[in-house]
Each structure stands twice: as C-alpha cells, then as structure tokens.
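The chains referred to below are lettered A, B, ... by the order of the sequence lines, with proteins before strands, and numbering in each begins at 1. Computed over heavy atoms, backbone and side chain alike; hydrogens, waters and symmetry mates excluded.
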Number of protein chains: 2
Amino acid sequence: MDRALSIGALARHSGATPPTIRYYEQIGLLRRPDRRDGGHRVYGEADLKRLTFIRRCRDFGFPIEQVRDLVSVIEDADRSCTEVRDLARDQLASVRARMTELRELEASLGLLVADCEARCAGGPGPDCVILEDLAAPGRCCAG
Amino acid sequence: MDRALSIGALARHSGATPPTIRYYEQIGLLRRPDRRDGGHRVYGEADLKRLTFIRRCRDFGFPIEQVRDLVSVIEDADRSCTEVRDLARDQLASVRARMTELRELEASLGLLVADCEARCAGGPGPDCVILEDLAAPGRCCAG
DNA sequence: CATAAGAGTTAAAGCTACTTGAGCTTCAAG
DNA sequence: CTTGAAGCTCAAGTAGCTTTAACTCTTATG
C-alpha cells in the first residue's frame, strides 16, 4: 500500500522539483525522510499527501510561513478549521487587491500601446511623444 | 530653474525611497550625481525626470533590465519608438496572463472559503473535510 | 557659537522562494 | 560491467530592493 517513492517520483506526483523538495526539507516544511543505504531519500504516501497540500497552498498564493501554519492546523487536533477559512479569506482579499492593480496596469499599458501605434509609428527615440509622456509625472500616456 | 535636490527631496518627488535611489545608482540605472563638500548627493530636474520615468516603468511591471533598454531608447536617437511599443505589448501580454491566473485563483479561494463556511464551521483540524480536499490532488475544494 | 535633531554617508547582510552549479556517488538497465 | 540517469551535498545566484550598523553632515534653535 505505502509504496516507496524516490525524490524524483515524489516530484513527478506532486508537481514540485527535487531541489524544491530538498529545500522544503531544509526549511522544515517536510520531515526528514528515511534513507536507503546509499543515502537516497525514500518517501511514502503520507509525504506525497503532505507535499501535495503544500504545493496547492503555494499555488493558492499563500506564503511559506502561512503554509507552515496551515500544515500545523492539519496536524494539531486542538486547532480549528475556521483558522483555515480566515487565512483563505485574507488571501482572497489580497488576491483581489492585486487583481485591481493589474486591471489598472492593463488599461494603462493598453493606452500606451495604442498611443504608440497612433502617434509614434517608427519615430526616433528622443522625439517620441510617448516617451515624454512616460517621463511626465502624474498623468498617463494618453495626454 | 534647475533647483538642486537632495536625495530625500528627489525621493519625495519621484515616489522612490533614498535607498532605492542609491540602489539604482549602484546598478547603473541612474548616473552618479554631483556631490556637495560633505559628500551629499545633489540632483537636478533631469534626474527627477529620469527617475520618474524609471518608476513609472517599474509600476508598469517592466523588469529592471527592460527599463534599462527603455531608458537607452530615450537617449539613443538611432533607436525607434516602436521598440517601446513592442516591449509594452509583451508586457501587456504577460499582465493578461497573470490576470487569468489570478482569476482562477480567486475562484478557487472563493470556493474554499464558502466550503469552510458551509461544511466546517468550527470543526477540528484532523476531521475537517476541507483540509482533506486540499491534500487531494487534481481537484478543487468543492468536491 | 554650541548643540541636537534629522538627513545623509558607506558597505554589507537580509528578504522570498527557490534555482543553478560544481563535483561527486549511487542506482538500474542492458 | 558499463553506462547514463538520477541522486547526493554544499554553496552561490536570482530580483529588487530593504534593513542594519556605525558614522558624518547640515540646519534650526537657544
């Protein structure tokens, strides 16, 4: 049932790379696994599950230290699942804030490109209106 | 016209911090300014304009090395404004890709939070269905 | 004119989350 | 038994600054 996994196999199944796995071990996010005679790491299903959880949290954008918290919630019977919800809520809020920033950025960049098309086709650097606009504080490229 | 600016004044006007300005100088993104007798840096309007341009590019998400390119476009009469447009286009594409990722992330996190609300109110860590879901590969928390 | 606060100076280390490289060993297949 | 892939360790590198330590300079006030 609990087939042995090499670090490479664990990597394939979890979506992490072997160096990343060693790094997680180094920072104490993964336990130190058993070793074979030659020194190679041996993992089991529990490790795969743990690492998958970690990777999913990371994909969710949780920073490592928060992942550490989340992992400890799993292990610790005294702590509540609502902690996860609260962490996820915070994370959701910051994702939304970041998206708002990116939307503004997208709009500005879109204008920049459009202006380049319209006003600067092939013109030389120093005379380009766009570049002047970029250097002017407090307003966007669409003057 | 070209009033002298201290590094702090330059920082206030550009939105950068003094350490960041020194850092830009160190990596050759800003010229080395004149110094007063005591060694303090003295800047002029040209520096403010340049730094503002750099900060705006950074706000646009351009990496430093691309900003270096953009700056050289401004200075170099032989290079075309279309280069700026092309760089901005690439940048726009990667901003959009990032937004797509974030939208998926937002949806998943929203589901996670909602599930926590619905199914796990106050439940203990090890028994929580949500946490099991997070550890299960290949599917989202809404099983 | 003295002094104290605040702003400036340097070089070096720290940060996140890994990735890359060097140099070597072990394992699995043929 | 050979060979090539995969594993090992330790150290350094990455981006883009920020922070720290230990000083020095400028400026406003008494």
Drop me the distance from B:H40's NE2 to B:R35's CZ, to the nearest 0.5 angstrom.
9.5 Å
Interatomic distance, A:R56 atom CZ to A:L51 atom CG [nearest 0.5 angstrom]
12.5 Å
Taking side-chain contact (heavy atoms from CB on, under 4.5 Å) as the definition, give me every residue that meets it alongside B:R12, ordered by chain and number, with sequence neighbours left out.
B:A9
Once side-chain contact (heavy atoms from CB on, under 4.5 Å) is applied, do any residues pair with B:R89, and if so which ones, sequence neighbours excluded?
A:V113, A:E117, B:R85, B:D86
State which residues pass side-chain hydrogen bond (donor to acceptor under 3.5 Å, both in side chains) with [X]; sequence neighbours excluded, sorted by chain then number.
X	value
A:R58	none
A:E106	B:R96
B:Y23	none

The contact string for nucleotides 11-17 of chain D, one letter per nucleotide 5' to 3', using protein heavy atoms under 4.0 Å with B, S and - for base, sugar-phosphate only and none, comes out as -----BB
Between the protein and nucleotides 4-7 of chain D, which nitrogen or oxygen pairs come in under 3.5 angstrom?
{"from": "D:dG7", "atom 1": "OP1", "to": "A:S6", "atom 2": "OG", "distance (Å)": "3.3"}
{"from": "D:dG7", "atom 1": "OP1", "to": "A:G8", "atom 2": "N", "distance (Å)": "2.7"}

For A:L87, which of A:L92, A:L70, A:V67 qualifies under side-chain contact (heavy atoms from CB on, under 4.5 Å)?
A:L70
Sequence neighbours excluded, which residues qualify as salt bridge (charged side-chain N to carboxylate O under 4.0 Å, His left out) partners of A:R32?
none
Tell me, please, which residues at least two apart from A:R103 pass salt bridge (charged side-chain N to carboxylate O under 4.0 Å, His left out).
none
Opening and closing nucleotides of DNA chain C in contact with chain B, under 4.0 Å to non-hydrogen atoms:
C:dG8 to C:dT10
Listed once per pair and sorted, the salt bridge (Lys or Arg N to Asp or Glu O under 4.0 Å) pairs that draw on residues 13-23 of chain A, sequence neighbours left out:
none
For the backbone of A:D47 and the side chain of A:R31, can you confirm whether one donor and one acceptor N or O come within less than 3.5 Å of each other?
no
Below 4.0 angstrom, which residues in residues 25-38 of chain A have at least one non-hydrogen atom near DNA chain D?
A:R35
